[in-house]
Amino acid sequence: MSGGSCLLLSEKHPMATERYNPRASEPKWQKAWAEKKLFEAHNDDPRPKYYMLEMFPYPSGRIHIGHVRNYTMGDVVARYKRAKGFNVLHPIGWDAFGLPAENAARDNNVNPRDWTYANIKTMKGQLKSMGLSWDWAREFATCDASYYKHQQKMFLDFWKAGLAERKSAKVNWDPVDMTVLANEQVIDGRGWRSGALVEQRDLTQWFFKITSMAQELLDSLSTLERWPDKVKLMQANWIGRSEGLLIRWPLAAATAPAGERELEVYTTRPDTIFGASFMAIAADHPLTKRAAEDNAELAAFIKDIKRGGTATAEIETAEKKGFDTGIRVVHPFDESWTLPVYVANFVLMDYGTGAIFGCPSGDQRDLDFANKYGLPVIPVVMPQGADARTFQITEEAYTDDGVMINSRFLDGMTPQAAFDEVATRLSGIAIGNRPQAERKVQFRLRDWLVSRQRCWGAPIPVIYCDDCGAVPVRAENLPVELPDHLSFDKPGNPLDNHPTWKHVDCPQCGKPARRDTDTMDTFVDSSWYFARFTDPWNEAAPTTMAVVDGKNGWLPVNQYIGGVEHAILHLLYSRFFTRAMKATGHLNVVEEPFDGLFTQGMVVHETYRIGSGANGQYVTPAEVRVDMIDGERKAALISDGTPVEIGAIEKMSKSKKNVVDPDDILANYGADTARWFVLSDSPPDRDVIWTEAGVEGAHRFVQRVWRQVSEAAPALAGVSPAQGVSGPALELSRMAHRAAKQVAEDIERIAFNKGIARLYELVNAIQTLAPAGAFTAGKSEPSGSNVLGGGSLNPENAPALRQALEMLVIMIAPMMPHLADECWSTLGGTGFVAERPWPVYDPALVVDSEIVLPVQVNGKKRGDLTIARDADQGAVEKAVLALDFVQKALEGKAPRKVIIVPQRIVNVVA
RNA sequence: GCGGACGUGGCGGAAUUGGUAGACGCAAGGGACUUAAAAUCCCUCGAUCUCUGAUCGUACGGGUUCGAUUCCCGUCGUCCGCACCA
């Protein structure tokens with residue numbers, strides 16, 4: 001066992017059959033498929049449509065093993081669906097805008113465009129060697145002007161429709177990437193790409209109004225039956241709906257700054273209103289600003305918490321701090337009850353109203369705050385059955401359901417009833433022209449900030465004129481193309497620094513004006529590419545209404561496959577974009593872009609390290625050999641035998657060096673072996689551990705199939721396939737037909753590992769019933785248990801063997817398409833396997849006429865009963881009670897009960 | 001802190017609605033073939049014991065059931081998402 005090179009393919013064999021050589025075979029078939037345009041879909045093909053899509057790659061330079069797994073899975077589904085008679089659309093393109101190109105451009109003094117297209121060329125070559133059944137005729141990159149032109153058109157359409165707007169807001173600023181980020185792109189307070197602590201800045205930027213669809217995006221999750229629950233839950237949490245009450249608290253006149261009358265708060269727990277003991281408002285709250293005008297101490301406090309609070313991450317860990325403004329509010333249900341108003345560092349200005357009422361007994365954070373500042377703690381909800389007179393809250397808030405106490409007219413109610421009672425009463429009281437409280441649904445979701453201060457993206461097609469303001473670029477002037485030359489000499493956005501690009505005349509008045517030098521978030525590019533694939537040739541419009549969706553259209557994507565890391569960002573944005581496209585006339589009916597979603601696991605690998613601690617150095621699997629020494633796996637450097645420590649199994653990463661290069665695998669073993677390996681063993685949604693031994697196992701299987709087929713082929717020349725009727729031929733047909741049924745079901749359910757196990761079983765059975773080698777070598781063993789007779793293939797059995805092998809070849813084709821075609825042509829088949837339909841199984845062959853029923857006594861298996869499949873319950877019971885071990889267990893007594901689960905099991909209760 | 005998922009041999013994992021636990025693969029051990037190696041083929045492979053059989057066994061402790069890997073309650077552990085969201 002080693003992680004190093006492999007010589008398998010260069011070995012010479014004196015045996016009759018040559019080893020299968022993927023290096024010769026795979027390019028041959030890839031070329032033949034391309035020439036036949038086998039995988040190009042036609043929009044006017046009358047067969048039922050099936051749209052199979054994998055998340056398209058970013059052209060980083062080289063493919064990684066995760067691509068191999070993702071695209072193999074999609075290819076299995078695409079090839080299978082073709083065999084099932086569908087007109088399959090299986091396109092590929094490039095998510096080609098983004099920061100790595102800019103960084104490469106800056107560091108190596110190249111044009112980001114050249115860098116990107118060179119990478120695409122390299123990766124395209126690599127991916128083509130995998131034999132994926134993609135429709136390359138529809139390929140595009142999002143950095144093609146012919147693509148982003150339409151995106152710019154849709155941006156303007158969204159603007160016109162009120163789905164995009166320019167507004168000033170507090171935004172996340174990434175100080176390393178020097179750009180703003182959307183909320184979704186801030187992870188643990190850091191930029192999703194740079195990892196830098198994100199700062200808050202007030203800027204005027206473009207937003208897509210995704211919040212206007214918050215309710216709809218939430219509700220429609222329940223219609224996505226073929227999405228993982230996990231992803232739906234993550235989206236639901238992200239949208240973060242809550243139901244509450246907006247309550248206006250009058251300020252006590254003597255304590256309020258001049259002109260200030262009330263404080264409006266949002267709460268989801270109005271039932272706890274009699275447990276309120278303080279109000280807390282954000283540092284940015286207007287009332288805070290008023291209060292600080294003549295309170296230097298407060299002003300200093302605000303300055304202090306704002307300094308600590310520029311970075312989101314710091315807010316999260318900061319100690320809870322408050323400052324009593326001296327302002328008092330009056331309790332809505334008791335004019336004589338006033339509560340202090342604090343400025344607190346834990347209250348966020350951009351959620352709710354930026355103000356809360358604190359109920360210490362029902363909220364841990366409020367309790368901590370109250371204990372710190374000596375504020376009252378009044379229990380208002382207690383568990384069922386507790387004693388209201390003695391129930392107390394000291395260190396731990398009570399947040400569960402229960403009974404209302406210490407709450408006057410709410411006492412004895414459930415919190416839910418109390419919620420409604422408070423809502424009803426306060427809604428009925430008017431202050432000025434408005435009720436004192438109203439029900440309000442609040443979302444956590446914020447609008448999608450799409451402006452980026454970057455040069456390698458789709459330009460925002462807006463011109464700013466001193467007189468006319470923000471003016472859309474005229475449709476006939478689209479696309480707004482990026483300039484050919486970009487200079488990274490100066491800091492900041494090269495588009496902004498460009499000497500001429502931004503200077504244009506106002507489309508409205510003709511006066512000199514300036515372009516928007518921001519580009520769109522690259523997640524905009526990937527929010528509609530799936531729609532563009534349906535007709536990438538349309539120059540006039542983003543989509544062609546006749547084919548994009550609806551009766552004769554492609555969308556929604558039937559099966560989408562990609563990484564779970566896009567569970568929120570890409571998938572939520574795409575769902576919004578699809579709705580926005582429908583609203584602006586770019587789609588007919590579809591609102592959900594992806595009917596079926598599958599999130600595949602990662603490819604992980606052991607790590608290898610020399611030395612430990614700070615001196616430890618990771619080494620690549622290719623440099624290491626692993627041997628079994630005294631039952632223990634030991635690793636050492638191949639070069640000089642230096643001992644190497646075997647570390648944890650982790651996601652492949654450059655820093656841990658636990659990467660395997662797909663190119664090496666493809667060169668050593670071929671695409672089919674790589675494809676087969678990434679599909680076997682682990683369920684597709686879980687991580688798969690890459691091991692050299694596993695790859696070699698996959699390669700052994702490739703050779704086994706080849707040997708089986710190629711050695712039987714001469715004996716099968718001129719034989720027509722047919723089902724076997726008896727003996728080993730019948731058994732062979734049973735196995736093949738059963739596999740045809742099961743493998744299809746497994747692929748439909750995206751359980752490729754199980755389908756592969758079935759195929760192993762089938763090959764094992766074929767090998768037992770028709771031993772390879774017997775056809776060519778003179779040393780066969782004639783036997784009644786296989787299809788041979790007298791040392792060669794019994795002619796009576798030949799049709800069944802031919803059928804089983806043909807079925808096998810068609811069934812392995814989705815996973816190992818090159819080997820399948822090589823086998824197919826060796827068997828004398830015409831055309832390509834990809835043109836063959838999926839084998840139809842004979843239902844009579846997949847059920848046995850006799851079944852083996854396990855027999856339990858008192859729930860423990862004691863033996864089997866072989867009986868006719870259609871035997872009735874009475875016959876089964878009789879036969880069971882006659883069994884030796886049952887008789888013995890019953891000791892002559894009658895059974896208390898006999899439970900017969902038809903076709904499954906019998907349990908005798910003694 | 002909140003929400004969710006998961007826990008099965010030496011390893012990856014099967015077991016479709018509660019019905020034979022360990023399919024299939026990997027690793028390991030033994031054998032055949034070979035001058036030798038590779039390749040290939042055959043056999044063994046959850047644990048224990050009084051070994052032609054029996055007992056135990058799906059993280060741990062309970063429960064429901066004729067029957068539990070599967071359902072319920074509790075404990076422990078691992079992973080993921082969100083996180084001062086009022």
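To find a chain, count down the sequence lines: A is the first, B the second, and so on, and within it residues start at 1. These values consider heavy atoms only, across backbone and side chains, with no hydrogens, waters or symmetry-generated copies. Computed from a predicted model, the values in this text were never measured in an experiment.
Considering only residues two or more places apart in sequence or on other chains, K861(A) meets the salt bridge (charged side-chain N to carboxylate O under 4.0 Å, His left out) condition with D864(A). With sequence neighbours left out, K754(A) forms a salt bridge (charged side-chain N to carboxylate O under 4.0 Å, His left out) with no residue at all. In this structure, the salt bridge (charged side-chain N to carboxylate O under 4.0 Å, His left out) partners of E606(A), at least two apart in sequence or on a different chain, are R633(A). The side chain to side chain contact (heavy atoms under 4.5 Å, CB included) check on A740(A) picks up M807(A), M811(A), P839(A), Y841(A), with sequence neighbours excluded. The ring-ring contact (aromatic ring centres under 6.0 Å, His included) check on F598(A) picks up nothing, with sequence neighbours excluded.
Using cut-offs of 30° and 60° for the angle between ring planes, the H331(A) and W249(A) rings count as perpendicular.
Residue pairs meeting the salt bridge (charged side-chain N to carboxylate O under 4.0 Å, His left out) criterion with at least one member in residues 340-360 of chain A, sequence neighbours excluded, are D350(A)-R446(A).
A heavy atom lying under 4.0 Å from RNA chain B marks the following residues of residues 674-682 of chain A, by number: D681(A), S682(A). Taking a 4.0 Å limit (strictly below) on heavy-atom distances, residues 740-758 of chain A reaches RNA chain B at E745(A), N753(A), K754(A), A757(A).
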Inset, instruction - Kindly express the pairing pattern of RNA chain B in dot-bracket notation, using | wherever a base pairs with another strand and counting only Watson-Crick or G-U pairs under 3.5 Å. - result: (((((((..(((......[....))).(((((.......))))).((((...))))..(((((..]....))))))))))))....
Indicate every side-chain donor-acceptor pair of residues 354-372 of chain A with a distance under 3.5 Å to a residue at least two apart or in another chain.
{"unit_1": "S361(A)", "atom_1": "OG", "unit_2": "I378(A)", "atom_2": "O", "d": "2.8"}
{"unit_1": "D363(A)", "atom_1": "OD1", "unit_2": "R365(A)", "atom_2": "N", "d": "2.9"}
{"unit_1": "D363(A)", "atom_1": "OD1", "unit_2": "D366(A)", "atom_2": "N", "d": "3.1"}
{"unit_1": "Q364(A)", "atom_1": "OE1", "unit_2": "A397(A)", "atom_2": "N", "d": "2.9"}
{"unit_1": "Q364(A)", "atom_1": "NE2", "unit_2": "D368(A)", "atom_2": "OD1", "d": "3.2"}
{"unit_1": "Q364(A)", "atom_1": "NE2", "unit_2": "E395(A)", "atom_2": "O", "d": "3.0"}
{"unit_1": "D366(A)", "atom_1": "OD2", "unit_2": "C359(A)", "atom_2": "N", "d": "3.1"}
{"unit_1": "N371(A)", "atom_1": "ND2", "unit_2": "T394(A)", "atom_2": "O", "d": "3.2"}
{"unit_1": "K372(A)", "atom_1": "NZ", "unit_2": "E319(A)", "atom_2": "OE2", "d": "2.7"}
{"unit_1": "K372(A)", "atom_1": "NZ", "unit_2": "K320(A)", "atom_2": "O", "d": "2.9"}

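Within the 4.0 angstrom heavy-atom criterion, no nucleotide atom of any strand lies near D363(A).
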Legend entry - nucleotides 40-56 of chain B: protein proximity per nucleotide (B base, S sugar-phosphate only, - neither; heavy atom, under 4.0 Å): SS-------------SS
Polar-atom pairs under 3.5 Å, protein N or O versus N or O of nucleotides 2-4 of chain B: list them with distances, or write none.
none

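A donor and an acceptor atom, one from each side chain of Q856(A) and R862(A), are nowhere located under 3.5 Å apart.
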